[in-house]
Peer 1: 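Before I ask anything, let me first share the structure, which is written out below as structure tokens.
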Amino acid sequence: MNFSTMSISENLKKIKGGIPEEVTLVAVSKTKPIETVLEAYEAGQRIFGENKIQEMTHKWEVLPKDIEWHMIGHVQRNKVKYMAEFVSLVHGVDSFRLLTEINKQAKKHNRTIRCLLQMHIAEESTKFGLDEKELAEILDSEAFQELRHVEVVGLMGMATFTEDAEQVRKEFAHLKNVFDQVQLKLPKISELSMGMSGDYTIAIEEGSTMVRIGSSIFGARNYH
Ligand SMILES: *Cc1c(COP(=O)(O)O)cnc(C)c1O
């Protein structure tokens, strides 16, 4: 589909109309200026995803306070403190050390931060995430049970960047399988964050509850 000639509100409407109501749409606004985020806000969007803590913090400071900010990128432990006051969901938690740091910073603000554990499902070794053994180690540890200021509410994963739809489907199906296993142990696990502009339709077919969509809403990103 060619979104480039349509407005942000038209893109949002089109995407929302094409996904089931119970699937949460995270509008990925990384690299986009404040005015652009506001345009989506005015079209009714309230959940935004960013992949850099400093950029997200700046946007949180200047934009309306009823926006839910999701951290979707790789998180450096030394920067958790900047988002601990306001972040609504951290998608990319890929180590127990990071979870511990989020817990520590959340405690300072007397709050609980919701987190997703990121699983490595792609063929590319460059992508972040836990394998199943590491996931089980975290969930089964006593130290994990003792964290009072984080709540693990689900899993997140990114498929291989490929034209091969069957490969992508296989990876999402695998993650859904892991999700179902975890849910048997931890019934409060309810979110499965998978799917981006290029693959969200497949992700939803395979059980995604949350899609992270950037370029199909805002157009291509300019990196500098
Ligand atoms: C940038 C990004 C997205 C959105 O990508 P699009 O292809 O623009 O939809 C989703 N998830 C993560 C983790 C990202 O970094």
Side-chain angles (χ1 to χ4, degrees), residues 1-4 6-8 10-19 23-33 36-37 39-40 43 45 47-57 59 68-76 79-80 83 87-95 98 102 114-130 153-165 167-169 171-172 175 179 191-224:
M1 204 177 309
N2 181 10
F3 289 90
S4 58
M6 297 188 345
S7 73
I8 289 171
E10 284 172 318
N11 292 343
L12 274 169
K13 210 165 133 195
K14 188 154 215 157
I15 291 166
K16 291 215 98 159
I19 67 179
V23 171
T24 302
L25 172 61
V26 179
V28 176
S29 50
K30 63 189 187 195
T31 78
K32 298 295 172 187
T36 307
V37 185
E39 213 177 312
Q45 182 65 26
I47 303 176
F48 291 89
E50 291 282 335
N51 72 339
K52 294 212 164 64
I53 292 177
Q54 257 129 326
E55 183 176 342
M56 179 172 75
T57 302
K59 285 173 174 166
E68 273 185 38
W69 291 102
H70 287 202
M71 183 64 214
I72 63 166
H74 185 64
V75 178
Q76 287 171 274
K79 292 190 178 149
V80 170
M83 66 174 176
V87 70
S88 166
L89 182 64
V90 183
H91 290 233
V93 178
D94 61 354
S95 73
L98 175 58
I102 297 171
R114 296 185 312 139
C115 296
L116 304 179
L117 295 174
Q118 180 170 2
M119 300 300 295
H120 187 276
I121 57 168
E123 277 184 343
E124 296 126 307
S125 57
T126 48
K127 285 188 173 145
F128 294 103
L130 303 160
V153 297
L155 303 180
M156 180 269 213
M158 290 170 86
T160 304
F161 187 71
T162 172
E163 294 290 313
D164 182 354
Q167 171 75 22
V168 170
R169 185 179 298 282
E171 292 172 1
F172 285 148
L175 181 56
F179 174 83
E191 299 295 345
L192 182 53
S193 168
M194 57 184 198
M196 317 179 15
S197 291
D199 57 20
Y200 73 89
T201 312
I202 300 174
I204 291 170
E205 284 166 5
E206 296 305 326
S208 171
T209 69
M210 194 173 261
V211 290
R212 311 174 310 270
I213 300 182
S215 42
S216 290
I217 298 172
F218 297 109
R221 284 178 291 275
N222 306 306
Y223 286 104
H224 22 251

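In listed order, ligands and their atoms are each counted from 1. The first residue in the sequence is number 1, and the count goes up from there.
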Peer 1: Output the list of atoms in ligand 1 that are nearer than 4.0 Å to some heavy atom of S197, sorted by atom number.
Peer 2: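 Listed by number with element, the hits are 6 (P), 7 (O), 8 (O), 9 (O).
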
Peer 1: Nearest heavy atom to atom 3 (C) of ligand 1: which of H74, M156, K30, E50 does it belong to?
Peer 2: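 Of the listed residues, K30 has the closest heavy atom.
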
Peer 1: Can you name the atoms of ligand 1, numbered from 1 with element, that are less than 4.0 Å from a heavy atom of G214?
Peer 2: 4 (C), 6 (P), 8 (O), 9 (O)

Peer 1: Is there a polar contact between ligand 1 and M196, counting only N or O atoms under 3.5 Å apart?
Peer 2: no

Peer 1: Testing I102, V75, L155 one by one against V93 for a side chain to side chain contact (heavy atoms under 4.5 Å, CB included), which residue passes?
Peer 2: I102

Peer 1: So do the side chains of F48 and V26 get within less than 4.5 Å of each other, counting heavy atoms only?
Peer 2: no

Peer 1: M158 heavy atoms, cut-off 4.0 Å: which ligand 1 atoms fall inside?
Peer 2: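 In order of number, 13 (C).
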
Peer 1: With sequence neighbours excluded, tell me which residues meet salt bridge (charged side-chain N to carboxylate O under 4.0 Å, His left out) with E206.
Peer 2: R169

Peer 1: Go through ligand 1 atom by atom and flag the ones less than 4.0 Å from a non-hydrogen atom of R212.
Peer 2: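 Answer, ordered by atom number: 4 (C), 9 (O), 10 (C), 11 (N), 12 (C), 13 (C).
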
Peer 1: Quick check: does R221 get an N/O under 3.5 Å from an N/O on ligand 1?
Peer 2: yes

Peer 1: Show which atoms of ligand 1 fall inside a sub-4.0 Å distance from at least one heavy-atom site of I213.
Peer 2: 9 (O)

Peer 1: When you check the gap from the basic side-chain N to the acidic O, do K59 and E55 get nearer than 4.0 Å?
Peer 2: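 Salt bridge present between K59 and E55.
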
Peer 1: Please verify the inter-ring angle class for H91 with H70; under 30° counts as parallel, over 60° as perpendicular, anything in between as tilted.
Peer 2: tilted

Peer 1: How would you list, by chain and number, every residue that makes a salt bridge (charged side-chain N to carboxylate O under 4.0 Å, His left out) with E123, sequence neighbours excluded?
Peer 2: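 E123: no salt bridge (charged side-chain N to carboxylate O under 4.0 Å, His left out) contacts found.
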
